[in-house]
Undergrad: 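Supplied in structure tokens, the structure appears directly below.
Quick note: residue numbers are just sequence positions, from 1.
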Amino acid sequence: MEAIKAIHTRHSVRAFKDDPIEPQLLTMIVTDAQQTPSWGNSQPWQVYIATGHALTNIKQHYATAAEQGMTEDADLAKVHRGDFSAFASQNMGHWVGTFRLVIDSDPTTYWDSRANLYRAPAIAYLVLDANPNSWSIYDLGAFSQTLMLAATARGVQSVPSYELVKYPAIVRNALGMPANKVVAMGIALGYEKPEKPLNQFRTDRVATPQVLHIIN
């Protein structure tokens, strides 16, 4: 798939099939993502991909944590609409309003997906060393997008989500990750169930003239 088509085709998938992703394909996707530029070629990221028994373990422990009311403790602080600019908050409010209709049309799938980490067959955890600076976090964002576009180009769908990283200690324990690693983001990977309304939803975007300023 060509790059422009991948950019316009990628969308967030929140209900995945059970079909596993071959390790070789996961490796190819990360190899593609390694082409991401970074400050001084620092390449600050590491990727831990949970599949099979490791992922089942994470899902089970997440479910138990939720049932016991464990406090969320993400390594990167959770933010709310009030923490964003007025412009960004307005965009978020519009998204909530449109996506709420999709949730209401199939609430069973939505809540089941969230409770089971979207039932993804693989989750890529993007990790930084302790106390990352702002530029490393920026670089990780670029790496994240490149990884998802590479996945799209290779026929794999994705969704980045806070839900995947809200209990980082569980992730570190399940994947044998050093305690000083920052579990910055999780990206669920898999093959979508196209018949689900959650996967048919497409967000709109702010008109280009509202964000673009070309000054001669």
Undergrad: Taking all atoms of both residues into account, what is the closest heavy-atom pair of P44 and L128, and its distance?
TA: O-CD2, 3.5 Å
Undergrad: So for atom CZ, which belongs to R202, do other residues, nucleotides or ligands contribute more than 12 heavy atoms lying within a distance under 6.0 Å?
TA: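 Result for CZ/R202: enclosed.
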Undergrad: For atom NE2 of H61, decide whether the heavy atoms of other residues, nucleotides or ligands shown that lie under 6.0 angstrom number more than 12.
TA: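 It does not: H61 NE2 has 12 such atoms or fewer within range.
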Undergrad: Would you confirm whether D75, through its side chain, and V183, through its main-chain N or O, come within 3.5 Å as a donor-acceptor pair?
TA: yes
Undergrad: Please work out which of the three classes, parallel, tilted or perpendicular, describes the rings of F99 and W95, given edges at 30° and 60°.
TA: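 Parallel: the ring planes of W95 and F99 meet at under 30°.
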Undergrad: Does Y125 use its side chain to pair, donor to acceptor, with the backbone of L164 at less than 3.5 Å?
TA: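 Present.
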Undergrad: Do Q46 and M177 touch side chain to side chain, with heavy atoms closer than 4.5 Å?
TA: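 No, their side chains stay 4.5 Å or more apart.
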Undergrad: Do S42 side-chain atoms and S38 backbone N/O form a donor-acceptor pair below 3.5 Å?
TA: no
Undergrad: Tell me whether the count of non-hydrogen atoms from other residues, nucleotides or ligands lying under 6.0 Å of OH in Y162 goes above 12.
TA: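 Atom OH in Y162 is packed in, count exceeds 12.
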Undergrad: Parallel, tilted or perpendicular, judged at 30° and 60°: which one describes the rings of Y167 and Y62?
TA: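 Ring orientation, 0 to 90° scale: perpendicular.
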Undergrad: Does the N57 side chain pair with the main chain of H53, one donor and one acceptor, at a distance under 3.5 Å?
TA: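 Between the backbone of H53 and the side chain of N57 there is no qualifying donor-acceptor contact (under 3.5 Å).
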Undergrad: Would you say Y48 and V171 make side-chain contact, with heavy atoms under 4.5 Å?
TA: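 Side-chain contact under 4.5 Å: no.
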Undergrad: Between the main-chain N or O of T9 and the side-chain N or O of H11, is there a donor-acceptor pair closer than 3.5 Å?
TA: yes
Undergrad: I'd like to know whether CD of Q90 has more than 12 heavy-atom contacts from other residues, nucleotides or ligands below 6.0 angstrom.
TA: no
Undergrad: Nearest heavy-atom pair of S161 and Y118: which atoms, and what distance?
TA: OG-OH, 2.8 Å
Undergrad: Do any N or O atoms from the side chain of Q157 and from the backbone of V13 form a donor-acceptor pair under 3.5 angstrom?
TA: no
Undergrad: Please check if atom CD in E195 has more than 12 non-hydrogen atoms from other residues, nucleotides or ligands closer than 6.0 Å.
TA: yes
Undergrad: Treating K196 as the side-chain partner and F16 as the backbone partner, does any N or O pair qualify as donor plus acceptor under 3.5 Å?
TA: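 Not confirmed, K196 side chain does not pair with F16 backbone.
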Undergrad: Do the side chain of R114 and the main chain of E163 share a donor and acceptor less than 3.5 angstrom apart?
TA: no
Undergrad: Do the charged groups of D73 and K166 touch, with an N to O distance under 4.0 Å?
TA: no
Undergrad: So, for D139 and P37, which heavy atoms are closest and what is the spacing to 0.1 Å?
TA: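 Scanning both residues completely, I find the closest heavy atoms to be OD1-O, 4.3 Å.
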Undergrad: Using modelled atom types and a 3.5 Å cut-off, is there a donor and acceptor pairing between side-chain atoms of D104 and backbone atoms of L101?
TA: no
Undergrad: Should the heavy atoms of other residues, nucleotides or ligands under 6.0 Å from CG of D18 be counted, would the total exceed 12?
TA: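 Open: at most 12 neighbouring heavy atoms sit under 6.0 Å from CG of D18.
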Undergrad: Find out if a path of hydrophobic residues (ILVMFWY) with successive side-chain heavy-atom gaps under 4.5 Å connects M28 to L147.
TA: no
Undergrad: I'd like to know if M148 and L126 are part of one continuous hydrophobic network [Ile/Leu/Val/Met/Phe/Trp/Tyr, side-chain heavy atoms within less than 4.5 Å].
TA: yes
Undergrad: Indicate the atoms forming the closest heavy-atom contact of A122 with T51, along with that distance.
TA: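 For A122 and T51, the tightest heavy-atom pair comes out as CB-CG2, 3.7 Å.
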Undergrad: Looking at R14 and D106, does any basic side-chain N land under 4.0 Å from a carboxylate oxygen?
TA: no
Undergrad: With a sphere of 6.0 Å drawn around CG of N131, does it hold more than 12 non-hydrogen atoms of other residues, nucleotides or ligands?
TA: no
Undergrad: Same cluster or not: V127 versus I58, using hydrophobic residues (I, L, V, M, F, W, Y) connected whenever any side-chain heavy atoms lie under 4.5 Å apart?
TA: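 Same hydrophobic cluster.
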Undergrad: Any side-chain heavy-atom pair from D112 and R119 closer than 4.5 angstrom?
TA: yes
